[in-house]
Amino acid sequence: MPSLTAIRARIAAPAAALLLSILFLLLPAIVARAEVNIQSVTSEKGITAWLVEDYTVPIVTIRFVFDGGSTQDPPGKEGLANLMTGLFDEGAGALDSDAFQTRLDQVGAEMSFEASRDGIYGSMRMLADHDEEAFELLRQAVEEPRFDQQAVDRIRGQILSNLLAGERDPATEAREKWLRAVYGNHPYARPDEGTSGSVKAITVDDLHAAHKALFARDGLHVAVVGAIDAPTLKRDLDLLFGDLPQKQSLRPVADVQLKLGQQLQVDYDLPQTSLQLAFPGVKRNAPDFYAAALMNQILGGGTFTSRLFREVREKRGLAYNISSALADYDHASALVVATATRSDRAAETLAVIRDVVRDMAANGPTEQDLAAAKAYLVGAYAINNLDSSSSIAATLVELQLDRLGIDYIQRRAGLLNAVTLDEVKAAARKLLSAEPTVMAVGPPLLGPAEAGTAGPEGDKAAAQGAAGSGTSGGAAQDGARGGGG
């Protein structure tokens, strides 16, 4: 489900037209840049941000995250973080909802917030000659949200409408069943949006308490890209975040191991069946992470070159798309395979997937496979992560969260190229030898003898989830996190 504020982000029409015109004219120059010069900037109040100065277009983009997220929702108040992020542009400081939104439009700024499992993400993009006015509005949203009852009730109503629609959606039911099965009683098993009952129970006092607990400087990570220099940014960092409390007040969240080896069925009379398989994952800071990333690229990370794509689509025409992804959160990680196929061939498709996985676990890739995977993951990084100011800022925030160091982009190719074939084979055995949890959404799976003959490809919309909510894998971050990035 898209975040409320992503849906409701507003840009003044004249400013938006100007921004788009500039971007379309100059984007090729941005995409062509494969390296970025990252500065670490620390303000007088001790707030640190990573900065990439870029005067190609007169735009400034800021991206930030506060540790915490929906795992901090109190029991019975699930959906609190999600509701809160829908309210930051609904009034702040002395400005009520209408006044705040009007002022945001006048300065030609785009602001959004969203809650993930492990963090509260915020961003703003603005024209450089209006950055002082835009940053002042962002400061008010971050430090002085109003949470007026009328605005709370209106946004709560939108969420409740979405939840009601989701009750009739097989994908929503499947996602909730999946989360409960693989995470048990852990906070990751709760939907970020909450339930109708929990959302109705949230009060204005709950919102203020959550804001006070989460919005503090020791859990803040910031990246800024665009037409702004370091001295100006130092001033703006103190303006934006300098008056926040120093320390967050977070509830402890335990690590959790995925509950594997389960067979889950969500029965729906549909012409296609979605399949999802969860295997053990690998933490982002683990010594074998890069070996696992390369193995995943060979297994199912490559859109047209992976073994799963070749066996499931090219050879048998069982699905339009199939992929695998590494998903890494603060307290859990997984490798997930997802696809969708014609329902009367779902059992056959699942059998082919299992065969490919077993072969990878037993034999691993070839030297040619590994060389191709290295070439792609090294070469595609700039295209996937450095093609706009927004994507650069998002990448820098994720690098901070993963504690990879400000020089990671320069070191990354060497880390991948240093991986040996034996290390990739070891990663395949480690992650793929376990019995996965499997979920099918559609009619009950038919036996192989009943699977029918070759037919049309499966639907283009492969099963989503990546052991969680709306993540994506592949080259973008080498391993997806739970939100916002």
Side-chain angles (χ1 to χ4, degrees), residues 38 67 117-119 182 188 221 253-258 260 278-302 306-307 324-337 357 359-381 384-385 395-436 466-468 471-482 485:
I38 307 169
D67 296 336
R117 288 170 168 169
D118 299 315
V182 298
Y188 283 171
H221 315 270
V253 179
D255 292 343
V256 60
Q257 296 294 322
L258 269 66
L260 303 178
F279 296 87
V282 58
K283 296 301 294 180
R284 188 61 184 79
N285 59 359
D288 58 348
F289 172 80
Y290 295 98
L294 288 161
M295 184 276 293
N296 173 71
Q297 176 67 20
I298 297 164
L299 176 67
S306 73
R307 290 190 177 183
S324 66
L326 292 172
D328 181 37
Y329 305 98
D330 286 355
H331 305 288
S333 55
L335 187 153
V336 176
V337 176
V357 169
D359 180 72
M360 179 66 82
N363 302 310
T366 66
E367 287 282 8
Q368 292 78 13
D369 291 334
L370 180 55
K374 288 180 177 180
Y376 177 81
L377 289 182
V378 170
Y381 191 78
N384 291 328
N385 294 75
T395 297
L396 298 188
V397 166
E398 297 304 315
L399 297 184
Q400 293 176 52
L401 289 170
D402 290 331
R403 297 178 175 84
L404 293 175
I406 201 167
D407 62 342
Y408 171 76
I409 294 175
Q410 286 72 41
R411 294 185 293 108
R412 180 178 177 275
L415 294 169
L416 286 165
N417 285 324
V419 176
T420 67
L421 183 62
D422 286 342
E423 289 170 336
V424 177
K425 289 182 176 180
R429 288 192 299 270
K430 175 183 174 182
L431 301 185
L432 302 179
S433 296
E435 179 63 23
T471 63
S472 61
Q477 288 296 339
D478 303 323
R481 293 183 66 87

Inset, instruction - Taking all heavy atoms of Ser333 and all of Val282, pick out the closest pair and write down the distance. - result: OG-N, 3.4 Å

Legend entry - Side chain proximity check, Asp67 to His221, heavy atoms < 4.5 angstrom: yes

Legend entry - Minimum heavy-atom distance between Met295 and Ala428, given as atom pair plus value: CG-CB, 3.8 Å

Inset, instruction - First locate atom CG of Leu299, then atom CZ of Phe279, and finally report the distance between them rounded to the nearest 0.5 Å. - result: 8.0 Å

Legend entry - Gap between atom CG of Asn385 and atom CD1 of Ile409 - 0.5 Å precision: 7.5 Å

Legend entry - Any donor-acceptor N/O pair, Lys283 side chain to Tyr329 backbone, under 3.5 Å: yes

Inset, instruction - For the residue pair Thr395 and Glu398, establish whether any side-chain heavy-atom pair is separated by less than 4.5 Å. - result: no

Inset, instruction - Take Tyr188 and Asp330 through the test side chain to side chain donor-acceptor pair (under 3.5 Å) and record every step on the way to the result. - result: CA-CA 10 Å; Tyr188 283 171; Asp330 286 355; 5.5 Å; no

Legend entry - Shortest non-hydrogen contact between Ser306 and Gly301, atoms and distance: CB-N, 4.2 Å

Legend entry - Residues Leu370, Thr420; criterion side chain to side chain contact (heavy atoms under 4.5 Å, CB included); working and verdict: CA-CA 9 Å; Leu370 180 55; Thr420 67; over 6 Å; no

Inset, instruction - Might you point out which heavy atoms bring Ser324 and Leu335 nearest each other, and give the distance in Å? - result: CB-CD2, 4.2 Å

Legend entry - Whether Arg412 side chain and Leu377 backbone form a donor-acceptor pair below 3.5 Å: yes

Inset, instruction - Run the numbers on Tyr408 and Leu415 for side chain to side chain contact (heavy atoms under 4.5 Å, CB included), then give the verdict. - result: CA-CA 9 Å; Tyr408 171 76; Leu415 294 169; 4.1 Å; yes

Inset, instruction - To the nearest 0.5 angstrom, please state how far the CG atom of Asp359 sits from the CZ atom of Arg307. - result: 5.5 Å

Inset, instruction - Measure across Leu404 and Arg284 and return the closest heavy-atom pair with its distance rounded to 0.1 Å. - result: CD1-NH2, 3.4 Å

Inset, instruction - Decide if atom CD of Gln257 counts as having more than 12 heavy atoms of other residues, nucleotides or ligands within a radius under 6.0 Å. - result: no

Inset, instruction - Working to the nearest 0.5 Å, report the span between CG of Asn285 and CZ of Arg403. - result: 8.5 Å

Legend entry - Shortest non-hydrogen contact from Leu432 toward Ala361: CB-CB, 3.8 Å

Inset, instruction - Look up atom CG in Asn296 and atom CG in Leu326, then write down how far apart they are to the nearest 0.5 Å. - result: 4.5 Å

Inset, instruction - Evaluate the side-chain proximity of Glu423 to Leu294: yes if any heavy-atom separation is below 4.5 Å, no if none is. - result: no

Legend entry - Pairwise distance CG(Leu421) to OG1(Thr366) - rounded to 0.5 angstrom: 7.5 Å

Legend entry - Side-chain donor/acceptor of Lys374 to backbone N/O of Val419, under 3.5 Å: yes

